[in-house]
There are 2 protein chains.
Amino acid sequence: MMPFAGMSATAERVVDAAECLIQQHGYNGFSYEDVARQVGIKKPSIHHHFSTKAELAAMVARRYTQRFREQLHGIEERHAIAPARLKAYAALFEQTFADEKRLCVCGMLGAEADSLPDEVTSEVTRFFKANLDWLTAVVAEGQQASLIRPKPSSAAIAETFLCALEGAMVVGRGMRSSRGPAAAGAVLLATLRT
Amino acid sequence: MMPFAGMSATAERVVDAAECLIQQHGYNGFSYEDVARQVGIKKPSIHHHFSTKAELAAMVARRYTQRFREQLHGIEERHAIAPARLKAYAALFEQTFADEKRLCVCGMLGAEADSLPDEVTSEVTRFFKANLDWLTAVVAEGQQASLIRPKPSSAAIAETFLCALEGAMVVGRGMRSSRGPAAAGAVLLATLRT
DNA sequence: GTCTATATTGTGATAGAC
DNA sequence: GTCTATCACAATATAGAC
């Protein structure tokens, strides 16, 4: 698979369009025609950049995960203690959702996982694993500093935190009056602090 | 729209099949052909029972919500105090998910909401509203009995609880090693108890 | 209620000219 | 790299016989 570094300007615009479409309609809800229209080229030109839909979606997920990793590093630089880091993490989800209720790319693909090519699902797994690893480390750090309650385990708290944020996006879509990911994160954080 | 009471045996089997397909592949991931194959009749016969796909999906969501309401009443009868009720509530999600990682019908449809007919989305909203109302009442009761921490508000806790369970199903699908909804519920409950 | 047959549209993907 | 043209197939939906 092509690395992002070597992507042409057009290929990037294709991935941009596909990312947006996946967040709004899901893998089964968008077509090459939709991407072509959004980029301003014709359908077969998309195939020149990504020969199959699975390959395109996998690239979307891969780039999304990569960017997420970079943002996690940014949080580590800007925030020193665990509660502040978790709040900033929740804000990432809020930012995405605030833009026309866009879903997390891998939240959407995770829901659809059963009808997705393995090529795509494996990227989704990578995303969740990277997030859980980071969250678990942050929570453990907070527990050692006595800023976060010692029980449940850091891994259990991390997973619940991620689930609440992903779920907030899904529930928020189906409801007019939802609070959104930031609020869900705030509630959890309030109950986790010592 | 037809009430469930007046549904023929075949119509019910159609709804059963559609429900299962939505839980596994989503609205955009199943076809009348899939339903027909599963029920054992031909495609046009499905149209005789539900003239459009939107109508069929709306019926699936409606029946799902109705059955959920009945299970909530069952929980009230079997469990007296709020923490026990919340644990039983989480178990409902766990039961669904334990069966081949099936998603909540309205969790899946909520994620897809942007590309769904209004007829379907409105049923999804109804589901979430019914759940939040019930959860909020249960949490408030627990707070009054000093079994659940007084802050955050009952509505905020209720929404976070629902989000964590819905999210656990989505994340669980994308990951091999996920803990599932019951575990997410247990973590939250542990942090909420006084 | 169910069927065969068909209309119509959309899909992912390919061939080959420029 | 992009295009026109086209393929093979699947989708929702309808008409009309039984």
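Not measured: the values here are computed from a predicted model. Excluded from the calculations below are hydrogen atoms, water molecules and symmetry mates; all remaining heavy atoms, backbone and side chain alike, are included.
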- Whole angstrom is fine here: how far is it from CD1 in A:I41 over to P in D:dC3? 6 Å
- Query: Has B:S45 got a side-chain N or O lying under 4.0 Å from the OP1 or OP2 atom of C:dG1?
  - Reply: no
- Return no unless some side-chain N or O of A:H48 is found under 4.0 Å from OP1 or OP2 of D:dT2. no
- Note: A:E123-A:R126 ion pair, threshold 4.0 Å (strictly below): yes
- Message: Just the rounded figure in Å: distance from C1' of D:dT12 to CG of B:N28.
- Response: 13 Å
- OP1, OP2 of D:dG1 versus side-chain N and O of A:T10: anything below 4.0 Å? no
- Where does the angle between the aromatic ring planes of A:Y89 and A:F161 fall among parallel (under 30°), tilted (30 to 60°) and perpendicular (over 60°)? tilted
- Indicate the atoms forming the closest heavy-atom contact of A:G142 with A:A82, along with that distance. CA-CB, 3.4 Å
- Query: If you measure only the distance, is there a donor-acceptor pair under 3.5 Å linking the side chains of B:T121 and B:D118?
  - Reply: no
- Starting from C1' on D:dA5, measure out to NE2 on A:H47 and report it in whole angstrom. 14 Å
- Taking the side chain as C-beta and beyond, is there a heavy-atom pair between B:P117 and B:Y27 under 4.5 Å? yes
- Message: If I take atom CG in residue B:L21 and atom P in nucleotide D:dA11, what distance separates them, rounded to the nearest angstrom?
- Response: 11 Å
- Query: Are OP1 or OP2 of D:dT2 and a side-chain N or O of A:K42 less than 4.0 angstrom apart?
  - Reply: no
- Message: By the 4.0 Å heavy-atom rule, please label A:S31 as base, sugar-phosphate, or nothing.
- Response: sugar-phosphate
- Item | Length of the line joining B:E33:CD and D:dA10:P, which is rounded to integer Å | 9 Å
- Query: Nearest to the side chain of A:Y32, which nucleotide is it out of C:dG1, C:dA13, D:dT12?
  - Reply: C:dA13
- Query: In whole Å, what is the span from the CZ atom of A:F50 to the P atom of C:dT14?
  - Reply: 16 Å
- Separation of atom CZ in A:F30 from atom C1' in C:dG10, rounded to whole Å: 15 Å
- Item | Whole angstrom value for the distance that separates P of C:dG12 from NZ of A:K43 | 7 Å
- Message: Is there a side-chain contact between B:H49 and the phosphate of C:dT2, meaning an N or O under 4.0 Å from OP1 or OP2?
- Response: yes
